[in-house]
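Okay, structure first, notes after.
Just so it is clear, the values below take in all heavy atoms, side chains as well, and ignore hydrogens, waters and symmetry mates. Sequence positions, counted from 1, serve as the residue numbers for this chain.
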Amino acid sequence: EVQLVESGGGLVQAGGSLRLSCAASGFTFDDYAIGWFRQAPGKEREGVSCIWSSDGSTYYADSVKGRFTISSDNAKNTVYLQMNSLKPEDTAVYYCAADTIATMTRLRSWIYEYYYWGQGTQVTVSS
């Protein structure tokens with residue numbers, strides 16, 4: 001059974017930092033890309049970042065470039081999202097998702113409806 005379990009969300013003041021974790025199980029980690037998405041109230045879900053476990057390739061939304069860093073610990077089947085210089089507009093439920101690198105390559109995009117999703121973790125940034 002595939003499982004993606006997010007943790008690390010919480011309440012932080014603007015300018016602060018949080019690190020989200022996504023623990024994955026039930027699939028061959030190296031064959032998959034792990035993405036972080038977020039959804040704020042009343043808004044559509046948006047892609048935040050993605051990493052390929054096989055070679056460490058990373059992708060970021062323009063809105064988080066230079067502030068967020070995605071990384072992977074393949075020994076622990078865990079992906080992290082280090083979020084620095086947080087802004088109130090970063091407030092959202094953050095989801096990690098997984099899909100095969102083969103699918104992502106075929107679609108030529110890292111922002112789409114991944115196959116597996118976690119339950120989400122709330123991030124709230126106060127001004």
Using the rule that Ile, Leu, Val, Met, Phe, Trp and Tyr join whenever any side-chain heavy atoms are under 4.5 Å apart, tell me whether [X] and [Y] fall into a single cluster.
X	Y	result
L18	V79	yes
Y116	V5	no
W117	Y32	no
V123	I34	yes
V2	W36	yes

Mind checking the [atom1]-[atom2] spacing from [X] to [Y]? Nearest 0.5 Å is all I need.
X	Y	atom1	atom2	value
T58	W52	OG1	CH2	11.5 Å
I70	Y80	CD1	OH	12.0 Å
Q13	T124	CD	OG1	13.0 Å
T103	Y115	OG1	OH	10.0 Å
N84	T69	CG	OG1	6.5 Å
I111	F37	CD1	CZ	6.5 Å

Does [X] reach the side chain of [Y], with side-chain heavy atoms less than 4.5 Å apart?
X	Y	result
M83	V64	no
Y60	I51	no
Q122	T91	yes
L20	E6	no

Can you tell me which residue pairs pass the disulfide (SG to SG under 2.5 Å) test with a partner in residues 59-93, sequence neighbours excluded?
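Counting only pairs at least two positions apart or across chains, no disulfide (SG to SG under 2.5 Å) contact touches residues 59-93.
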
Quick check: closest heavy atoms across [X] and [Y], and the distance to 0.1 Å?
X	Y	result
T78	A23	OG1-CA, 4.0 Å
A33	M104	CB-CE, 3.4 Å
L4	A98	CD1-N, 3.7 Å
S85	S17	N-OG, 4.4 Å
S53	S72	OG-OG, 4.3 Å

Relative to the ring of F27, is the ring of F29 parallel (under 30°), tilted (30 to 60°) or perpendicular (over 60°)?
parallel

Just say parallel, tilted or perpendicular for the rings of W110 and Y59, cut-offs at 30° and 60°.
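Aromatic pair W110/Y59 classed parallel.
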
Just checking, is any N or O donor in the side chain of S54 or D30 under 3.5 Å from an acceptor N or O on the other one?
no

Has the side chain of Y114 got a donor or acceptor atom that lies under 3.5 Å from a matching backbone atom of C96?
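It does not hold such a pair.
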
More than 12 heavy atoms from other groups under 6.0 Å of OH on Y112:
yes

Should the pair K65-D62 be classified as a salt bridge under the 4.0 Å nitrogen-to-oxygen rule?
yes

Does a side-chain N-to-carboxylate-O contact under 4.0 Å join E113 and R45?
yes

Kindly write out the residues that satisfy disulfide (SG to SG under 2.5 Å) with C50, not counting sequence neighbours, or none if the list is empty.
none

Could you walk me through whether K76 and S21 pass the side chain to side chain contact (heavy atoms under 4.5 Å, CB included) check?
CA-CA 11 Å; K76 296 182 178 180; S21 299; over 6 Å; no

